Amino acid sequence: MRLNRADKNLLSDWWFTIDRLMLAAILLLMAGGLVLSLAASPSVAERLDYNTFHFFKRHAAAFLPALVLLFFCSLLEPRMIRRVSLVLFAAGIALMIATLFFGPETKGATRWLKFGGFSLQPSEFVKPAFAILSAWFFSESQKRKDVPSLHIAISLYAVFVALLILQPDFGQAFLATLVWGGLFFMAGMPLVWVAALAGAVLLAIVIAYFMVPHVAGRIDTFFDFSGPGSYQTERALESFASGGWFGKGPGEGTVKQLLPDSHADFVFAVVAEEFGLIACLVIAILFAFVVMRGLLRVVPETDGFIRHGVTGLMMLFGFQALINMAVNVGLLPAKGMTLPFLSYGGSSLLSMAVAMGFALGLTRRRPQASRSRARQDVAAHGGARELET
Amino acid sequence: MPKTVHIGLTSPHILARTRGAHHDRSRYALTMAMFAFAFAILCARLVFLGLGPQQSADAEKRGQLSTALSRPTIVDRAGNILATDIVTGSLYANPQKIVHLDDTVEQLIAILPFLDAGTLRRKLSSEARFQWIARKLTPRQQAVVHELGLPGLQFAAEPHRVYPAGAEAAHILGQVDVDNKGLAGIEAWVDRAPRIERPERKSSVEAGAVRLSMDLSVQHAVREELVAALARYRAKAAAGLVLDVHSGEVVALASLPDYDPNRRGQALGKDQFNRLTSGVFELGSVFKIFTVASGLDHGVTSMEQGYDAREPIRVGSHTISDFHAKKRWLSTPEIFIYSSNIGSAKMALDVGAKRHREFLARLGLLDRIGTELGDTAAPILPASWKRINTMTIAFGHGLSVTPLQAAAGAAALVNGGYRIEPTFLFRSREEARVRRERVVKAQTSELMRYLFRLNVKRGSGKRADAEGYRVGGKTGTAEKVVRGRYSRDALLTSFISAFPMDDPQYVLLVMLDEPKGTKETGGRATAGVNAAAASGRIVERIGPMLGIVPQLDTKPAFDEAVSASY
């Protein structure tokens with residue numbers, strides 16, 4: 001099939017307006033995730049007495065839907081993205097509440113809902129919607145003063161984080177806080193407030209340290225340089241040392257047999273052992289590329305919602321990837337967080353596909369985002385100020 | 001465009017500030033810089049990890065399954081392997097993966113008949129994911145189990161300690177437990193010694209082997225003669241050691257009964273302890289060497305002087321008499337070769353209780369001595385050291401010491417007068433020179449050499465005279481305390497000797513526990529007929545190994561020339 005710029009159909013429009021480099025990077029990461037679930041998950045599956053390819057099959061089953069989701073979300077107009085997010089957020093929050101009551105407990109937390117053979121982590125799907133909606137309300141708070149947008153944004157945050165803490169899932173709560181706080185900062189909020197927010201987060205960490213034993217344990221182990229690190233971090237570092245620059249070759253890793261979460265949170269370490277540090281660097285650079293390209297692309301953007309929306313999604317994606325990789329290389333204390341697209345997990349894969357689909361959709365080139373329009377916008381606001389005073 | 005301001009909670013203050021900061025590019029720049037910085041740190045960390053040493057992360061090496069330690073090889077002074085690790089396969093099971101329980105149990109029992117069916121069945125049907133089935137199988141056993149192809153069974157490589165020399169040096173080497181931890185002997189010392197490096201789990205003889213002072217060929221000869229003596233004299237136990245008088249090295253040490261360290265259970269048998277370091281004994285007349293030496297060293301007597309030994313000494317209820325009573329005045333050499341209790345007791349009293357005791361302490365006879373085999377047993381001293389104690393200790397009663405420290409004390413008397421701590425590790429002469437400490441005058445040592453030799457030529461040690469090796473020594477026959485009384489039938493005989501007496505190189509101690517009389521000995525069971533005889537046989541065999549050049553009556557013997565001067 002040949003696409004022509006002159007054509008005016010959905011597909012050619014999409015193809016010529018989409019950020020094709022970012023799309024390529026995302027597809028590369030997704031493909032990598034498929035390969036890695038084949039490398040990392042069999043040992044975990046065998047340890048849990050599942051079929052060897054149990055996790056791989058499940059990951060593969062989510063792969064095609066993820067591709068479709070990515071494509072459809074990238075087709076959506078900004079207005080539709082807001083609407084879909086609203087629905088997704090509402091549904092996700094409702095499911096999260098349901099999780100508290102009906103979810104089975106795994107590893108000390110209730111994060112999952114089971115539907116027949118499938119389990120679903122609603123909080124994963126709330127994340128992209130949360131980023132979009134927060135961005136929307138922050139931009140609205142700048143644009144219109146007749147709606148209490150800021151308060152709505154605060155409420156969204158409060159509800160989401162409260163539910164996460166009830167599960168409990170401190171890692172995700174921390175991530176949500178980072179994204180929301182980042183947007184708060186980017187949306188031009190006064191620095192005093194930003195500082196106050198940062199202070200509150202620090203306070204929350206201190207409280208979590210003293211109130212929640214496992215948080216304290218992880219932080220203590222991390223800062224105790226004399227003793228051995230946490231078991232997982234030690235094993236992860238071992239796999240980095242064992243793989244060297246070029247790795248031991250696919251399937252040759254041994255540390256994965258000892259890493260409890262080698263297919264999920266510590267998949268980066270498996271990459272290191274089997275494919276080498278060069279592959280790790282390539283992955284890190286791919287993540288960095290997506291984030292930087294997304295941010296760079298929206299700097300000249302005049303539409304506040306698009307700018308903040310993409311920023312929020314990129315921060316979600318970037319922070320999550322950074323935190324996961326930093327934990328793997330022993331730069332941060334262990335925290336339950338997946339590596340976008342690369343870790344095993346259908347919910348995580350689908351939610352990241354939605355997030356990146358939104359990002360691709362928002363960054364599509366649009367004729368109306370012209371400089372003259374931007375100037376009008378500023379002029380209109382200027383006028384409003386004059387009227388006020 | 002909105003014209004209404006601050007509805008609800010929004011303060012006018014915030015709005016006024018936010019409106020201007022509609023699109024703050026500097027904040028975007030800052031965020032991007034932060035992301036770039038974070039990713040840069042991550043990449044730097046990855047590069048840093050790559051520059052670090054590349055280690056192999058082998059699950060086996062970390063000892064995930066096996067708790068066994070790898071140990072250094074132990075060699076004798078000539079480099080013969082005495083103990084080393086070999087890699088064996090230990091069979092374990094993941095009970096969750098056993099498919100046919102009955103089948104598995106049946107087939108395993110058929111191949112490994114030492115397994116208990118009930119225990120095996122219980123292990124294989126447990127909830128655990130890991131169960132040892134049989135540790136340290138031979139390659140043949142491993143191959144057969146492997147051939148069965150039963151699911152759920154796996155092997156873990158484990159080091160296993162082997163002692164190629166078997167029981168030969170059991171009491172020096174000690175043994176290890178199933179996890180290769182040292183339990184006794186040098187093996188336990190290896191675990192205590194901080195400087196000993198543990199080799200990687202592979203058999204490496206060269207790397208960091210522990211070199212002992214023991215000489216396997218000498219050890220073999222000593223042990224073999226002791227085994228023969230044990231049988232010949234129907235003794236309960238026999239022990240012997242060879243000590244290098246200049247370096248303090250234990251060249252051979254055997255204590256029978258002993259055990260094969262390859263068979264762990266044997267070590268627990270009755271009477272298995274190392275009598276030479278862990279047992280304390282009243283050595284009897286052997287102790288007269290120390291009494292005579294203290295008399296000569298302090299100058300209270302000389303070779304010409306002597307004591308009246310006509311009448312037994314009566315002290316309170318005790319009577320001190322001579323076994324070979326001569327009923328006359330005895331010179332110092334006569335006291336030595338006739339083993340006069342009366343003369344020794346009088347000599348000790350002349351030295352003085354305090355000086356006599358101090359002399360024994362100087363030779364290391366009153367304290368534990370530390371060796372690589374751990375501290376020796378503590379000597380048993382009299383509760384209060386009275387006059388009578390000095391008199392009995394003079395001829396070896398009332399003070400119990402370990403034979404090893406007695407031998408070390410004897411070495412100081414013949415090596416020129418230097419005390420040197422005994423060691424089971426290889427020690428150079430240079431190191432020994434630094435460590436030695438003068439405790440006896442050189443002149444005293446000269447005289448003691450003469451007396452030692454004289455006793456073998458003319459006295460109780462005649463049977464020890466291995467031709468050409470100029471053996472000198474002193475016998476000791478002590479009555480053992482049985483039910484609180486000295487018994488005439490239960491004897492502990494010992495012979496401390498040195499050779500060659502013109503320039504002593506080695507001290508040999510032989511001890512027999514409750515030897516019986518034989519036709520050959522005319523029914524007697526004293527040290528002169530058994531311990532001294534065994535010593536003679538040992539010297540005959542080990543003399544050539546130790547590089548002693550025999551002198552076979554071609555030129556005037558050294559001792560005759562010397563004896564003419566007295």
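Just so you know, these numbers come straight off a predicted model, no measurement behind them. Hydrogens, waters and symmetry mates are skipped; everything else that's a heavy atom, side chains included, is used. Sequence lines set the chain letters: A, B, ... in the order given, protein chains first and strands last, and positions in each chain run from 1.
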Go through B:Phe39 and A:Met325 one step at a time and tell me if the side chain to side chain contact (heavy atoms under 4.5 Å, CB included) criterion holds. CA-CA 10 Å; B:Phe39 276 109; A:Met325 291 188 284; 3.9 Å; yes

Can you check whether A:Trp245 reaches B:Leu49 side chain to side chain, under 4.5 Å on heavy atoms?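 A side-chain contact under 4.5 Å is absent here.
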
Please tell me if the side chains of A:Val329 and B:Phe48 come closer than 4.5 Å, counting only heavy atoms from C-beta onward.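 The answer is no, as the side chains (C-beta and beyond) never meet within the 4.5 Å cut-off.
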
Residue part contacting chain B, namely of A:Leu296, when any heavy atom lies under 4.5 Å: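 For A:Leu296, heavy atoms of backbone and side chain both lie under 4.5 Å from chain B.
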
Under 4.5 Å heavy-atom distance to chain B, tell me which part of A:Phe138 shows up: side chain, backbone, both or neither.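 Neither part, no heavy atoms under 4.5 Å.
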
Nearest 0.5 Å, please: how far is OG1 in B:Thr31 from CE in A:Met292?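 The OG1 atom of B:Thr31 is 9.5 Å from CE of A:Met292, to the nearest 0.5 Å.
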
Distance from B:Leu46 atom CG to A:Phe240 atom CZ, nearest 0.5 Å?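 Rounded to the nearest 0.5 Å, the CG-CZ separation comes out at 6.0 Å.
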
Please answer whether the main-chain N or O of A:Ala326 pairs with a side-chain N or O of B:Arg45 as donor and acceptor at a distance below 3.5 Å.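 Checking the backbone N and O of A:Ala326 against the side chain of B:Arg45, no donor-acceptor pair under 3.5 Å is found.
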
Heavy-atom distances under 4.5 Å only: say whether B:Ala29 touches chain A with side chain, backbone, both or neither.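 Looking at B:Ala29, nothing touches chain A.
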
Any chance you could lay out the side chain to side chain contact (heavy atoms under 4.5 Å, CB included) test for A:Leu322 and B:Phe35, step after step, and finish with the verdict? CA-CA 9 Å; A:Leu322 267 174; B:Phe35 266 112; 3.8 Å; yes

Could you walk me through whether A:Val299 and B:Met32 pass side chain to side chain contact (heavy atoms under 4.5 Å, CB included), step by step? CA-CA 10 Å; A:Val299 171; B:Met32 280 189 280; 3.5 Å; yes

Considering non-hydrogen atoms only, spot the tightest contact between B:Arg27 and A:Met186 and give its length.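 Here B:Arg27 and A:Met186 meet closest at O-SD, 3.8 Å.
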
For A:Leu277 and B:Gly50, work out which heavy atoms get closest and say how close.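 Between these two residues, the closest heavy atoms are CD1-CA, 2.9 Å.
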
Just do the side chain to side chain contact (heavy atoms under 4.5 Å, CB included) check on B:Tyr28 and A:Thr311 with the steps written out, would you? CA-CA 9 Å; B:Tyr28 265 84; A:Thr311 308; 2.7 Å; yes

